[in-house]
Amino acid sequence: MFLKINNLEKFYKKDRPLIKSLDFNVNKGEIVSFIGESGSGKTTFLRCLAGLDEINDGSIELNGKILNDSKTFVESHERKIGFVFQDYPLFPHLNVIDNITFNLNSKLNGKLDNVLGLTGLKDLTRSFPHELSGGEQQRVSIARAIIRDPDLLLLDEPFSNLDSNIKLQIKNEIYSIIKNAGITTILVTHDVKESFAIADKILIFKAGVLQQYDEPFNIYCKPSNCYCAKVLGELNLLVINGKKYYLRPENINIVNSSEYKGIVEKSSFVGKEFQISANFFDEKWTLFSNNSFKEGCELSVSFKDEDLIKFDSNCENYFTQPIDRK
Amino acid sequence: MFLKINNLEKFYKKDRPLIKSLDFNVNKGEIVSFIGESGSGKTTFLRCLAGLDEINDGSIELNGKILNDSKTFVESHERKIGFVFQDYPLFPHLNVIDNITFNLNSKLNGKLDNVLGLTGLKDLTRSFPHELSGGEQQRVSIARAIIRDPDLLLLDEPFSNLDSNIKLQIKNEIYSIIKNAGITTILVTHDVKESFAIADKILIFKAGVLQQYDEPFNIYCKPSNCYCAKVLGELNLLVINGKKYYLRPENINIVNSSEYKGIVEKSSFVGKEFQISANFFDEKWTLFSNNSFKEGCELSVSFKDEDLIKFDSNCENYFTQPIDRK
Amino acid sequence: QNIQKTNEINIYSQRHYAVDELQYENFTKMTGIQVNVTKANADELLQRMKIEGSSSPADLFITVDVGKLWQAGDMGLLQKIKDETITAGINSEFLDPNNYWIPLTYRSRIVVYSKERVDVNDLSTYEDLANEKWKNRLLIRSSSNSYNQALMSSLIANIGSDVAEDWSTKIVSNLAREPKGNDRDQVKAIASGQGDIAVVNSYYIGLLLSSEKEEELKAGNSVGVFFPNQAENQRGAHINVSGIALTKNAPNKDNAIKLISFLTSESAQQTYVDNTYEYSVNSNIEPNEIVKNWGDFKKDKLDLNMLGVKRNEAIRIFDKTGWK
Amino acid sequence: MEVKLFKIKKPNYGLLTVVFLSTLIIFPIISLIFGSIGVDISNFLYLSEYLLLDYTISTIYLLSLTLVFSFLFGVIPAWLISTSRFKGRRIYDLLLYLPLAIPTYIMAFSYGDILSFSGPFQSFVREFIPSLTKVVNQDYLQIEILAVLLSFSLYPYLYAACRISFSLIGNNYINLSKNLGLNEINTFLRVGIPLSRPAIFSSIFLISMEVLNEYGAVSYFGVNTYTSGIFRAWGSMADMDTASLLAIVLFLVVCLFFSLEKWLTSKFKYSFKSNTDLSTYYKNSNKKLIYTHISCITIILAAFIIPILYMTNNIFIDFKNIDFFDVYVLSKNTVFVSLASSILIVLVVLLIQYLKRISKSKILNFTGETISLTYALPGAVIGISLILLFSPINDYFGFLLIGSVPVLIYAYFIRYMAVGVSPIVSSFKKHPKKLDDSGKSLGLKPFQFFRKIFFPLNKNAIIIAFCICFVDIMKDLPLTLILRPFNFDTLATQTYEYAIEEMITKSSIYSITIVTFGVILLSILSVNQSKK
Ligand SMILES: Nc1ncnc2c1ncn2[C@@H]1O[C@H](COP(=O)(O)OP(=O)(O)OP(=O)(O)O)[C@@H](O)[C@H]1O
Ligand SMILES: Nc1ncnc2c1ncn2[C@@H]1O[C@H](COP(=O)(O)OP(=O)(O)OP(=O)(O)O)[C@@H](O)[C@H]1O
Ligand SMILES: [Mg+2]
Ligand SMILES: [Mg+2]
């Protein structure tokens with residue numbers, strides 16, 4: 001176990017714990033994607049890992065060394081943790097190169113070139129932060145973190161301002177850097193696609209509680225509760241004999257006629273196919289089709305019974321208290 | 001024509017024009033999505049529209065009134081343009097409510113509640129910016145822009161820090177607000193999905209030049225050049241008899257055997273299906289499949305000839321000079 | 001170390017004129033004794049001496065207001081000086097009956113008047129300034145000024161506190177403007193016509209009349225000097241002395257005495273009058289030319305210690321009667 | 001939850017240092033407060049009955065007027081110069097700091113003389129425009145004019161702090177405000193000023209304390225302020241205890257305001273947003289340019305050039321009597337003590353602010369603020385309390401601490417701490433905490449932190465703090481008077497001694513030397529600044 005989080009608790013106001021009791025481990029070299037709603041405490045958690053905030057209870061252990069518990073607090077600068085901040089603050093008095101190599105004194109010419117190339121900053125080395133576009137600033141911030149081979153890399157929405165092209169490129173490069181160097185990484189992102197693409201494990205976090213922590217495929221196929229299932233993709237609710245079942249949009253086929261009928265509400269082109277919102281049994285469903293349908297059209301669909309997803313009662317929503325996973 | 005951009009030119013350094021000659025019109029109530037690479041000048045363009053920068057040549061006309069040309073410059077505070085900035089600055093000394101209602105004095109209780117509800121900020125009205133998460137700050141910034149019914153709404157990556165749930169909700173709400181009020185909107189985003197979902201028109205911008213400006217469906221189906229085609233989705237290159245053809249991943253079917261064979265390089269689960277990178281004729285192709293394939297597997301594919309996309313020679317890349325579209 | 005000690009004197013002084021330095025230089029030249037001076041406000045110096053107590057380095061205490069000398073004695077900070085050689089040359093009317101301090105120079109608080117608008121015959125005494133006829137014509141500075149406090153103390157001692165209080169009330173109602181500015185400004189105010197008579201210290205007129213600035217000279221020349229209470233059976237003009245005293249624990253007492261006798265010597269007294277417009281306490285020394293022109297005058301014979309004794313009462317009268 | 005009794009961190013040297021330093025700084029106050037327990041309060045009651053109400057009213061009136069004028073002279077030019085670029089901007093920027101080098105009482109005496117019957121103004125009118133003689137022949141010693149004169153020499157505090165603060169607002173907020181429909185004036189009022197609240201508050205505090213502690217100019221103008229009460233108790237009634245009691249009451253009132261402000265703004269932040277452009281914001285219309293030039297020139301002329309011309313003229317008049325060797329010796333003394341103390345102050349302020357910034361300790365935060373409060377006590381009272389503090393040592397060891405240069409420097413250090421704090425805090429509060437976080441996560445150790453982030457980011461403010469401290473200490477009177485070694489004069493004491501004896505002419509060479517040092521210092525540093 002490389003990174004061990006034990007019963008971590010964190011609050012800003014005592015009566016409103018933000019992180020109730022977080023408990024998970026990450027192996028060396030793994031990339032964990034941390035998924036949670038806006039304001040759920042993701043950044044706060046990363047700050048605790050980086051030593052910018054103290055935890056209120058529990059412990060954080062990295063590489064066998066306690067970083068923070070009720071007795072110990074290792075200062076941030078002694079932790080060797082790379083952090084790409086959500087709002088990518090850069091030092092205003094330093095240009096791109098100096099920001100990236102800030103506090104590094106060893107010769108790193110080759111490496112620097114490499115990092116500059118991968119983040120597409122070669123032409124901007126002498127620019128100051130305020131002369132950069134949002135995405136460029138973000139890339140400097142990424143470059144600054146990965147150039148120093150941290151023990152643990154924390155990425156807080158690192159790609160939010162990058163266009164798909166450069167994002168893809170950087171993502172792939174970071175992936176290979178991380179994997180080659182075996183840097184344990186925690187990636188906070190809102191884009192589930194991204195998580196799927198590079199994460200070894202996904203951690204779903206909601207209401208201060210870890211909801212599920214597993215490999216992407218497992219989460220997608222065996223979500224521990226309805227919330228987790230929804231996070232990874234849209235879910236259509238179907239009530240059969242008073243029992244609730246869920247269906248993924250891609251498992252629904254549009255057929256000429258069937259017992260399942262609905263009314264089209266909106267159909268919009270999403271590239272490569274149309275996304276259709278329709279009303280089935282008073283529930284709003286989403287499905288995909290290669291054709292567009294007019295608003296008001298009737299639509300018949302079919303699906304396989306094995307694609308129906310069912311949750312037992314305590315998983316119909318999300319967990320509000322930490323569950324014992326041991 | 002509500003918003004008219006004529007031959008707009010803008011540079012920071014004279015020898016490196018950022019926007020070479022931009023020329024397009026937007027009708028009242030339309031939502032235009034502005035797509036361009038990181039650092040291509042999108043924010044700069046919005047700043048010019050908002051009157052925070054002066055253009056170097058050409059003109060901007062809103063609602064029949066010249067805002068900026070070689071003789072006129074209407075000051076920013078006289079323009080009534082809503083701007084959600086990319087880095088969502090909030091006044092640090094004002095709480096959420098005061099930030100949102102800054103410089104509004106009319107009674108707007110109902111509206112305020114409405115906006116707060118839609119952005120999910122009801123519990124945070126008394127918080128100060130430094131106590132907000134990244135996504136919350138962004139939502140305040142959105143709320144602040146839409147509460148004041150601008151003539152023109154500029155959204156610069158407004159959803160970059162929002163989780164899919166709240167993003168969807170806000171997007172839909174903004175969409176209906178914009179459509180109801182007939183607010184002309186320019187949306188800068190990196191997420192092509194988003195553009196498809198809410199934009200009436202998409203403007204693709206590259207190398208200082210407008211590449212294509214059309215409805216989403218048209219762009220997807222009739223991209224004016226290779227670059228535009230690529231922006232909207234991945235494209236696989238196929239060379240037949242020395243001629244270049246392109247294929248969309250979704251138009252490729254995996255079959256048991258065919259004359260088109262490739263080697264799988266990586267296959268990753270992206271939710272609902274697997275994305276497969278494979279090597280076909282020394283080109284890197286992307287395709288989708290419901291099953292995972294091992295690295296090194298051989299893969300046979302087929303496609304319909306009508307799905308092959310072909311560009312004439314000057315569209316094989318992107319336009320580097322403004323083209324005359326009249 | 002002993003030798004070093006005998007070779008210096010430490011002075012806490014409220015006086016800060018160039019002439020003082022000249023005197024000390026002359027003294028050092030004469031005796032080889034080093035003179036160390038700390039110049040500050042009298043009250044702060046008193047406080048400092050009090051706190052320092054027996055470890056105070058000060059040998060001598062010099063002020064420009066005899067009230068503070070009295071106060072120092074009252075606080076037990078001084079020791080008596082009984083040295084005939086010193087007092088011999090000094091006009092006995094300036095001497096401290098208790099021998100706590102030795103006067104160095106003196107000055108009078110006099111009345112000046114507009115030569116244009118005031119008939120000098122209308123002027124008579126300090127008491128007369130309370131007369132109705134000076135309504136809105138009288139100029140004087142604020143009551144926080146120690147010269148005014150000394151003047152009031154002398155009045156209390158001479159005419160009793162009730163009469164003095166009544167006087168003060170009337171003075172306030174006669175004022176041409178709120179008390180403000182320094183003594184020179186009172187003269188300038190007469191020149192500019194804001195008032196007709198003013199109460200000022202004598203040497204400021206000397207300063208004005210010797211000014212290098214033409215306009216100041218004009219202002220100085222526009223007023224006449226009048227010494228009040230000069231008539232027969234009147235007590236004479238109010239005076240105040242600048243004096244020196246030996247501290248209780250003076251570490252260099254012998255040197256200190258030497259300095260005192262030097263400063264009271266005729267040559268040093270001559271140096272004073274040559275450089276300032278004060279009067280010498282030695283009757284043999286004639287004042288500066290400008291000052292001499294005003295003529296001789298009768299001085300109030302009041303025990304100068306009264307200027308300190310009555311100080312507190314004076315202030316309360318000021319406050320009560322609204323003299324700002 | 002378990003109770004955390006022991007948190008094994010490294011011993012918090014930072015905290016210890018700060019507590020030690022601030023104890024050093026507020027010790028005299030504490031001793032004063034304890035010393036005043038159980039003193040005879042009859043004089044105090046007497047004063048409060050007869051005078052305090054009166055004194056308080058005129059204090060408040062004078063203070064309000066002075067603050068209004070200082071605001072006009074300080075804040076508006078600071079905004080204009082920070083947010084626009086025009087020819088002459090740099091020279092205005094330099095000149096606008098300089099009136100600080102003119103002591104308030106010199107400003108008052110000079111203008112008193114300039115405007116008086118025999119002054120150049122009235123003489124000129126009498127000579128050349130006799131018809132106006134009646135109009136200009138006024139009593140100029142009015143409280144309103146005093147307020148203007150005080151603000152002439154005090155506005156630079158506001159100017160300096162606002163200049164720092166305004167230039168660190170960041171394009172980002174300015175753009176936001178433009179976009180939300182505010183024109184420049186409204187941006188100034190609704191964004192510039194609120195975002196500079198710490199700067200404005202701390203300099204208003206400095207100015208208020210200067211006004212409250214001002215005695216020379218105030219009594220010359222016949223205005224009785226609270227301080228007059230203190231000196232009346234002390235000087236005239238020979239009652240030091242009452243004087244300290246009054247000083248303590250004032251001190252407590254100030255503390256109250258201070259805490260109130262801290263409490264009110266505890267949640268506010270004033271930093272700019274990171275990655276923002278900090279330079280140029282507003283275009284200059286011709287109208288605005290004219291206005292800018294007129295306002296800057298008027299202020300510089302009235303607050304600096306005229307008094308300087310007056311002094312220079314005096315010097316020529318009195319040229320033959322000037323003892324240049326004396327001027328040289330005094331300059332040496334003055335520069336030495338000012339330099340030593342201002343370096344010390346800037347270092348300590350930096351240390352404390354820096355530790356405050358990197359630590360989350362509440363105690364540190366608290367002490368960091370309190371050290372400015374010593375400024376609320378009149379210098380003379382601090383002087384006496386130091387004598388009180390050191391005389392036992394004198395007794396005990398048998399050597400003299402009081403009246404030695406180290407104690408004098410210590411006294412300056414205590415008293416002028418607030419002057420150094422103001423610009424540095426204004427600047428520190430402007431820099432986003434995010435930068436600290438980045439630095440920490442990039443592995444900066446505390447000292448490196450200072451060298452690599454705080455120093456470069458706050459360099460301007462540090463330079464300005466140093467200059468202002470230096471100039472202020474050069475002007476110091478009450479502390480120097482009472483605590484200086486034997487035979488030790490400074491330019492300020494000499495200026496004062498002549499001025500108080502109504503020999504302004506003679507004092508001019510000394511005051512102009514003070515100003516000259518101020519000019520030299522500011523020029524060197526501003527040249528240094530512009531290299532950047
Ligand atoms: N200093 C603070 N004081 C009080 N509350 C705070 C503070 N910082 C953050 N919060 C609150 O804690 C919650 C979690 O914040 P955090 O930044 O960790 O969210 P997040 O998961 O990163 O969200 P996002 O995806 O929007 O960035 C938010 O609701 C925020 O309002
Ligand atoms: N003040 C400036 N001075 C010089 N160059 C600048 C300045 N501001 C921006 N630039 C440059 O202009 C280019 C365009 O910047 P802009 O912010 O418009 O990009 P953008 O399209 O918004 O990119 P992103 O998607 O990354 O936000 C960038 O390469 C940037 O480096
Ligand atoms: Mg966050
Ligand atoms: Mg941008």
Side-chain angles (χ1 to χ4, degrees), chain C residues 10-11 16-18 35-48 50-55 57 71 74-75 141-146 149 177-185 188-189 191-194 204 207 211-219 311-312 314-316 319-320 324, chain D residues 46-47 50-51 54 109 112 116-120 122-123 137-139 141 219-224 228 231-232 234-238 240 314 317-318 323 380 383-384 387-388 391 394-395 398 400 402-403 478 480-482 484-489 493-494 496-498 500-503 505-506:
Chain C
N10 301 325
I11 304 179
H16 31 63
Y17 307 119
V35 181
N36 300 323
V37 194
T38 285
K39 293 169 283 182
N41 303 333
D43 305 306
E44 289 163 15
L45 291 173
L46 282 173
Q47 196 65 32
R48 179 164 166 184
K50 184 177 151 197
I51 296 170
E52 286 172 340
S54 58
S55 66
Q71 192 187 331
D74 190 49
M75 287 163 80
R141 67 196 285 189
S142 132
S143 67
S144 27
N145 174 258
S146 70
Q149 291 171 358
R177 61 173 191 186
E178 298 255 281
K180 62 176 79 163
N182 52 34
D183 279 4
R184 271 187 216 226
D185 288 305
K188 289 181 190 171
S192 73
Q194 279 153 20
Y204 288 120
L207 281 171
S211 172
E212 316 248 349
K213 292 185 182 171
E214 198 187 337
E215 292 294 332
E216 288 198 339
L217 263 177
K218 263 192 212 161
R311 186 61 58 99
N312 227 325
I315 288 166
R316 287 179 191 235
D319 292 341
K320 231 192 246 170
K324 293 216 171 149
Chain D
Y46 167 81
L47 279 173
Y50 281 94
L51 303 171
D54 202 26
F109 292 167
S116 74
F117 178 77
S118 58
Q122 291 206 35
S123 316
N137 182 3
Q138 300 289 337
D139 172 16
L141 301 180
S219 57
Y220 179 65
F221 272 70
V223 176
N224 285 313
S228 316
F231 283 103
R232 196 166 190 110
W234 186 2
S236 310
M237 297 172 159
M240 177 62 194
N314 280 343
I317 290 175
D318 195 42
D323 177 355
I384 291 302
I387 293 176
L388 211 56
S391 60
N394 268 3
D395 282 349
L400 295 180
I402 309 163
T480 320
L481 281 180
I482 186 68
R484 61 181 155 167
F486 282 116
N487 305 329
F488 183 93
D489 280 295
T493 57
Q494 197 56 262
Y496 174 76
E497 282 163 10
Y498 281 120
I500 207 71
E501 285 308 324
E502 307 180 16
M503 294 187 271
T505 318
K506 281 199 184 314

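Proteins get letters first, then strands, A, B, ... in listed order; numbering begins at 1 in each.
- Under 4.0 Å is where a charged nitrogen must lie from a carboxylate oxygen, and between C:Asp185 and C:Arg141 no such pair does.
- Among the candidates C:Ser142, C:Gly181, C:Ala189, C:Ala314, the residue making the largest number of heavy-atom pairs closer than 4.5 Å to chain D is C:Gly181.
- With no hydrogens or angles considered, a side-chain donor-acceptor pair links D:Tyr46 and C:Asp319 at under 3.5 Å.
- Between chain C and the options D:Leu141, D:Asp318, D:Leu47, the largest number of non-hydrogen pairs under 4.5 Å is found for D:Leu141.
- Heavy-atom pairs under 4.5 Å with chain D were tallied for C:Gln71, C:Lys320, C:Arg177; the largest tally goes to C:Arg177.
- Contacts between D:Asp139 and chain C at a heavy-atom distance below 4.5 Å involve backbone atoms as well as side-chain atoms.
- For the pair D:Phe488 and D:Thr493, the minimum side-chain heavy-atom distance is 4.5 Å or more.
- Heavy-atom distances place the backbone of D:Pro485, and not its side chain, under 4.5 Å from chain C.
- Residue D:Arg484 touches chain C through both its backbone and its side chain, counting heavy-atom pairs closer than 4.5 Å.
- Listed options C:Lys324, C:Glu178, C:Arg311 were ranked by heavy-atom pairs under 4.5 angstrom with chain D; first place goes to C:Lys324.
- Between chain D and the options C:Asp183, C:Asn41, C:Leu45, C:Leu46, the largest number of non-hydrogen pairs under 4.5 Å is found for C:Asp183.
- Residues satisfying the ring-ring contact (aromatic ring centres under 6.0 Å, His included) criterion with D:Tyr220, sequence neighbours excluded, are D:Phe109.
- With 3.5 Å as the limit, one finds no donor-acceptor pair spanning the side chains of D:Ser116 and C:Arg184.
- Heavy atoms closer than 4.5 Å to chain C are found nowhere in D:Asp323, neither backbone nor side chain.
- Residues C:Asn36 and C:Asn10 come closest through the heavy atom pair ND2-OD1, 2.9 Å.
- Checked by atom type and distance alone, the side chain of C:Gln149 pairs as donor or acceptor with a backbone atom of C:Ser143 at under 3.5 Å.
- D:Ser118 and C:Glu215 are not linked by any side-chain donor-acceptor pair at a separation below 3.5 angstrom, with hydrogens and angles left out of the test.
- Note: C:Ile315 leads C:Ile315, C:Asn312, C:Asn145 in heavy-atom pairs under 4.5 Å with chain D.
- Contact of D:Ser228 with chain C is not made at all, since no heavy-atom distance falls under 4.5 Å.
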